[in-house]
Structures are given as C-alpha cells and as structure tokens.
Amino acid sequence: MPARLIPYSLARRSEPEIRARAASLHAEMSARRSCRFFSDEPVPRDLIESLIAIAHSAPSGANRKPWRFVAVDDPKIRHEIRVAAEAEERESYDHRMPKEWLEALEPLGTNAEKPFLEIAPWLVVMFRIDWEEIAGQRVSNYYPAESTGIAAGFFIMACHQVGLATLTHTPSPMRFLREILGRPVNEKPFLLIPVGYPAADCVVPDIPKKPLQDALQWNR
Ligand code: IYR
C-alpha cells in the first residue's frame, strides 16, 4: 500500500543567495583533502554519532538504508585492524597490484604502512548489506553499492563541514573487517574511514585536479 503523503517544502531562497551559498560550499568542499596524518586528539563519541546520523539520512534504494556503520575507538581493535590491513596491503603492493596501478598511486606516495589506523581516534567502517533476514525471510536490498556510496559521501562531507579530516581507505581485500568486528556474512566491508583532527604537521600531496570541463557535459 502506498504510504500516506505529507507536505514537503524547502526554504525558498533567492538566486543571489543560492549562488552565494553554492560558491561558499564549493570553496569549502574543494579544500577537503584525504588525510593520512592524523592527530591522536580524542573526538567525543556524540560527535561521531551526529555525523553518522547525517550519513544515515542519505537516500537509498527503496528506502532500505542498506548499510551498517561500525565506529571503533578501542585501541586494541584499531591495532588488530592495522595489523590485518597492513598484511593485505603488503601483499597488494608487493604482488597483487599491476604496474599501472602502482604508477597511478606513485604521486600519492602511499605504501603498505598504515599508522593512521592506530593514530586517528576513530575508525568508521561502513558495510553494505545486499540482503537481510526480516522475520525469517531473506529480503533483497536494492542498489546497495550506490546507496552506501551516497551515504559515504554524506559522511565525508559532514566530517569536513564540521572540521574533521577523513581518509577513504580501501585495503583490499577487506574480509578481515567483518571477522575482526564480528559482523554477519551478509555485511560486506565497503569503506574504512579514519576520522580525526589532522596532525599539526599534516601534509598532503600537491597534485593536479581534473578540470570540471573534463567531467561535465551540457546536453549532447
Ligand atoms: N589500498 C591501497 C592502495 C590505494 C589505492 C587507491 I585506488 C588509492 O587512491 C590510494 C591507495 C592503500 O590504501 O595504500
């Protein structure tokens, strides 16, 4: 049965105001960078919860919200995650990643060492849920990858907007996250996001960014 309909409206802003807000948001968001050097300064749990609540407001296929966030600040678990991630990354960098991939990553200066997994005060691990068991019945979710990606975008943007740095980290394969965090088999590790303040001496690679003109077409 279709749900009952309720009114929806957005604050109606003037075009100059929309333009000004877009310009300021663009300036803020284009200053976001992936952070690999975090401060160990604690971030209160309620703040992380608000940021995850923002991510959880993301749209999703059939409104199923096919994701799970696991927020980890326990140093013992972060250590376990670091050890397991570095083991996979070592294997990847040394044997699994083709030469072209390693060349693509060269400007970023990444390697198999992932100290940030223990230094950042929080690791937010996102899982995508392709199916769920509801009242003993297996039900499919729809567009779980797209939905979880959108929620990740909300989360990363929310963190940046409040002044917290993130890294979208994808050690591969990520099975170990399900094992370490005790999640069930229908939860597929999607993204590992360290969150915290940047270290006082944090640096990021000075790399060119693809111009918008190369990513945007108007009509055909
Ligand atoms: N997962 C590896 C490699 C890596 C892959 C991509 I795609 C990046 O944008 C950066 C790194 C690592 O985290 O080092």
Side-chain angles (χ1 to χ4, degrees), residues 29-40 43 48 51 55 67-75 77-128 144-160 164-181 183 187-199 201-212 214-215:
M29 291 314 299
S30 54
R32 190 210 58 81
R33 296 295 306 265
S34 289
C35 175
R36 290 184 173 81
F37 303 98
F38 287 87
S39 156
D40 62 1
V43 170
I48 296 298
L51 295 161
W67 49 67
R68 159 100 42 216
F69 291 86
V70 179
V72 181
D73 66 342
D74 183 326
I77 307 174
R78 284 185 296 139
H79 177 70
E80 275 181 63
I81 290 176
R82 176 185 180 179
V83 169
E86 287 184 339
E88 291 295 0
E89 293 288 73
R90 230 168 275 125
E91 196 53 31
S92 291
Y93 276 89
D94 294 349
H95 305 292
R96 289 192 287 238
M97 283 151 74
K99 193 166 133 270
E100 307 85 80
W101 193 352
L102 291 171
E103 281 167 9
L105 292 181
E106 212 175 294
L108 305 182
T110 57
N111 58 40
E113 304 296 309
K114 306 297 174 193
F116 51 77
L117 292 173
E118 286 190 89
I119 297 171
W122 288 95
L123 301 178
V124 173
V125 185
M126 290 184 71
F127 293 82
R128 78 178 238 213
E146 291 84 348
S147 302
T148 309
I150 293 167
F154 272 42
F155 182 72
I156 293 159
M157 181 157 176
C159 288
H160 180 72
L164 287 166
T166 52
L167 175 66
T168 44
H169 183 40
T170 51
S172 174
M174 287 198 274
R175 265 187 308 276
F176 65 88
L177 290 169
R178 181 160 66 206
E179 285 149 22
I180 292 175
L181 300 172
R183 298 312 309 163
E187 298 192 9
K188 203 165 173 222
F190 185 77
L191 205 51
L192 199 183
I193 312 176
V195 183
Y197 297 103
D201 56 356
C202 181
V203 287
V204 294
D206 185 10
I207 44 177
K209 298 289 174 178
K210 181 192 270 191
L212 178 61
D214 297 357

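One-based numbering, in listed order, for ligands and for the atoms of each. Remember, predicted model here, so these are calculated numbers, not experimental data.
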Least distance between heavy atoms, Leu167 atom then Cys35 atom: CB-O, 3.2 Å
Which atoms of ligand 1 have any heavy atom of His169 under 4.0 Å away? 13 (O)
By number and element, which atoms of ligand 1 are closer than 4.0 Å to a non-hydrogen atom of Thr170? 1 (N)
Return the minimal non-hydrogen interatomic distance between Met29 and His160, and the atom names on each side. SD-CD2, 3.6 Å
Below 4.0 angstrom from a heavy atom of Lys114, which ligand 1 atoms are there? Numbered from 1 as shown, please. 12 (C), 13 (O), 14 (O)
Please confirm whether the backbone N or O of Glu187 pairs with a side-chain atom of Arg178, one donor and one acceptor, at under 3.5 Å? yes
Does Ser172 reach ligand 1 with a nitrogen or oxygen that is under 3.5 Å from one of the ligand's nitrogen or oxygen atoms? no
Taking all non-hydrogen atoms of both residues into account, name the closest pair between Ser172 and Glu88 and its distance. O-CB, 3.8 Å
What's the shortest distance from atom 2 (C) of ligand 1 to any protein heavy atom, and which residue and atom give it? Glu89 OE2, 2.8 Å
Atom 6 (C) of ligand 1: closest protein heavy atom, distance to 0.1 Å, is Leu105 CD2, 3.5 Å
Which word best sums up how the rings of Phe69 and Phe155 line up, parallel for under 30°, tilted for 30 to 60°, or perpendicular for over 60°? tilted
Among all protein heavy atoms, pick the one closest to atom 7 (I) of ligand 1 and tell me residue, atom and distance. Trp101 NE1, 3.8 Å
So, regarding Tyr93 and ligand 1 (criterion: nitrogen or oxygen to nitrogen or oxygen, under 3.5 Å), is there a contact or not? yes
